[in-house]
Structure formats: structure tokens, C-alpha cells
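Every heavy atom of this structure was used, including side-chain atoms; hydrogens, water molecules and symmetry mates were not.
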Amino acid sequence: MTTRPLPPTCQPEDGRPAARLALRALALYGLFLGAAFTALRWAAADEAGRIVGPLAAQVAMGLVIFVGARLVLAGHAAAPRLVAARRLGTVPLVLIGIGGFLAQVSALSGARLLTAAAPAGSPVGVDPGAWPFVFFTSVIAAPVLEEIFFRGLLQPVLSRRSALVGVVATAALFGLAHGLDTPFRAVPAFGQGLVLGGVVLLTGRLRSAVIVHAVNNALVLAAGLLVALRPPEVASGASPAFLAVSAAAAAGLLAWGFARIVRAPRTARAAATAA
């Protein structure tokens, strides 16, 4: 049986160019974090910073992505798509988004039980007038920009030797980015990064991760608002029973959503077709 040669973009690379590309991507990652946190700290100097800060951070992140990515990829062929895109509805993505949120809730509840400390990072205490801006930055801007950067740029670059290494390494960087200011979020964000990376790997579509990310963030905001409105009832929810139920629900929804993705037919387009 004869085998066809691989397209130029799929040919194995020498280790040194691949390593240089990864180092460039990691340098851009540092700039990405620095730009976001500098914007947040700069805007936090006054009361209006609660609104201006997240917006400034998104603008800074966007500039780093769309300018820096060109420098990172200069002279390198685009990473090949590992799988063909799939015909996929939004239902399994919503299931995965809800399951990922419940997995994060389980992790935070477990951390609270072990440390007797309330997890940080909840948008409690946000002025009601700022909620539209918080919604925009958390549910629209952040999922789009972060997925373009992490799963659209970093994951393909770090997957050139191994798809598994690419997903895990990108998830670790994603978790670190979300845990710098609130360490409680690092482990749940790492788990979320694994889910998002797996979604892109299986579906072949970046917008699938954007949808899952947006659903997750919307539920995080809703949970934060619930805590803000009913702190005594909700604050006491971190119990072993609550942890067990949320973890079981998370596992079931994630398994159900990913099973539907695996069963979805692949499109007739070539594997290198853009999402």
C-alpha cells in the first residue's frame, strides 16, 4: 500500500525551530499577562476603575494578541489542524459549559472545606451599574480574546510535538493566568483549560471553546450575584454533600457533552479548513 506525502505544513520540524517558536509564544504569554494586569492596576486607582479596569485589560490583551501573534509566527508555517471539523450543535457545548462550571464549584467547595477559607474571585459587591460592563468583559470579550490567544495560538504552537502536551501545557498557563491575583482560582481554571482544550481538539473549531467559555463565565456571574443577594444561605453551601452532588453532576454533564461531540459526524471539508 502506497502512502501519500504529507503537505508542507504537516512535515516534521527540526527541534530547534519548534523550540524557538514555543519560547516566542511563552514570551508573548508573559506580555499578555503583564498588559492585562498593568491595565487593571492602573485603572484601580479610583472608583471608576471597577468599570474602566476590565475594559482596559481587554483592550490591552487584544493589542498583544493581534500585534504580538504576527511577531511570534513570523517565518513559521501555520500549525496543521489535528482533526477534521465536526458538524456540531450548541447543545453539547452548553452541557460541557455547565459541567465545567460545576467542576469549578466542586473544586472551590473542596478547597474551602480543606482550608476553612472562602474562595476569592467572586464578583460580590460590584456596583449594580457596573454589571453590564462586567457582563460584557466576562461573557463576551474575555471568552473571545482568551480563546483566540490560548486555544487559537498557544495550543497549536505547543502541540507541534504532542497534542496531549499542547492541551495540558496550555491549560497550565491558563490556570496560572487566572491564579495570579486569586490563587484559589488556579486549579479550577486549570481544569477549565483542559476542558476547553479538549473541546477544540475534538471539534476542530475554536468557536466551540468560545461558546463553552462564555457559558461557564455567565454561570460564574450568576452565582456571584446569587451570593451577593443571599449570602447567609449560599455561603454555607460548601458541605461534603454539596461537594458530592456538584462533582457527580459535573462528571455526568461533561461525559454526556463530550460523548455527543465524539458521535457528531465530521464535515466533508479537509482537515486544514479554517473553523
Side-chain angles (χ1 to χ4, degrees), residues 6-33 61 64-65 68-86 93 96 99-100 103-104 107 143 145-180 183 185-210 212-213 216 250-251 254-255 257-259 261-262 266 270-275:
L6 292 171
T9 56
C10 297
Q11 296 288 357
E13 288 188 353
D14 177 74
R16 286 175 297 177
R20 284 198 296 267
L21 181 61
L23 289 175
R24 286 185 188 180
L26 292 177
L28 185 65
Y29 170 77
L31 184 60
F32 179 85
L33 294 187
M61 288 158 54
V64 170
I65 292 171
R70 291 180 176 272
L71 300 176
V72 170
L73 297 175
H76 290 269
R81 187 180 296 278
L82 297 177
V83 296
R86 295 178 183 270
L93 301 177
I96 292 172
Q104 290 179 291
L145 291 176
E146 290 181 3
E147 291 312 311
I148 288 174
F149 180 71
F150 285 98
R151 259 60 61 175
L153 175 65
L154 287 186
Q155 184 165 310
V157 166
L158 299 177
S159 296
R160 294 203 169 202
R161 290 294 176 185
S162 166
L164 178 61
V165 169
V167 170
V168 174
T170 304
L173 294 174
F174 184 76
L176 177 62
H178 288 78
L180 288 180
R185 295 178 60 191
V187 173
F190 172 69
Q192 184 191 17
L194 291 177
V195 171
L196 293 168
V199 166
V200 171
L201 190 62
L202 287 176
T203 65
R205 298 178 183 274
L206 183 62
R207 63 174 176 263
S208 299
V210 173
V212 173
H213 198 155
N216 176 88
L254 288 172
F258 276 111
I261 287 178
V262 171
R266 297 183 179 185
T273 303

Write down the atom of Leu201, the atom of Ala163, and the distance for their closest heavy-atom approach. CD1-CB, 4.1 Å
What's the separation between atom CG in Leu173 and atom OH in Tyr29, rounded to the nearest 0.5 Å? 4.5 Å
CG-CG distance between Leu33 and Leu28, expressed to the nearest 0.5 angstrom: 10.0 Å
For the backbone of Gly175 and the side chain of Arg185, can you confirm whether one donor and one acceptor N or O come within less than 3.5 Å of each other? no
Under 3.5 Å donor-acceptor, Arg205 side chain and Val200 backbone: no
Is there side-chain contact between Leu158 and Val165, with heavy atoms separated by less than 4.5 Å? no
Phe150 side chain near Gln155 side chain, heavy-atom distance below 4.5 Å: no
Going by heavy atoms in the side chains, are Leu154 and Leu26 under 4.5 Å from each other? no
Does any part of the side chain of Leu153, heavy atoms only, come nearer than 4.5 Å to the side chain of Ile65, both counted from C-beta? no
In a check of side chain to side chain contact (heavy atoms under 4.5 Å, CB included) between Thr203 and each of Ile261, Val262, Val212, which one passes? Ile261
What orientation do His178 and His213 show, parallel under 30°, tilted 30 to 60°, or perpendicular over 60°? tilted
Enter the distance from Leu202:CG to Ile96:CD1 here, rounded to the nearest 0.5 Å. 8.0 Å
With a 4.5 Å cut-off on side-chain heavy atoms, are Val199 and Phe258 touching? yes
Using side-chain contact (heavy atoms from CB on, under 4.5 Å), reason through Phe190 and Leu176 one step at a time and then give a plain yes or no. CA-CA 8 Å; Phe190 172 69; Leu176 177 62; over 6 Å; no
Over all atoms of both residues, closest heavy-atom pair of Pro188 and Ala107: CG-CB, 3.8 Å
Can you tell me how far the CG atom of Leu206 sits from the CD atom of Glu147, to the nearest 0.5 Å? 6.5 Å
Cation-pi check, Arg151 onto Phe174 ring (under 6.0 Å, within 45° of axis): yes
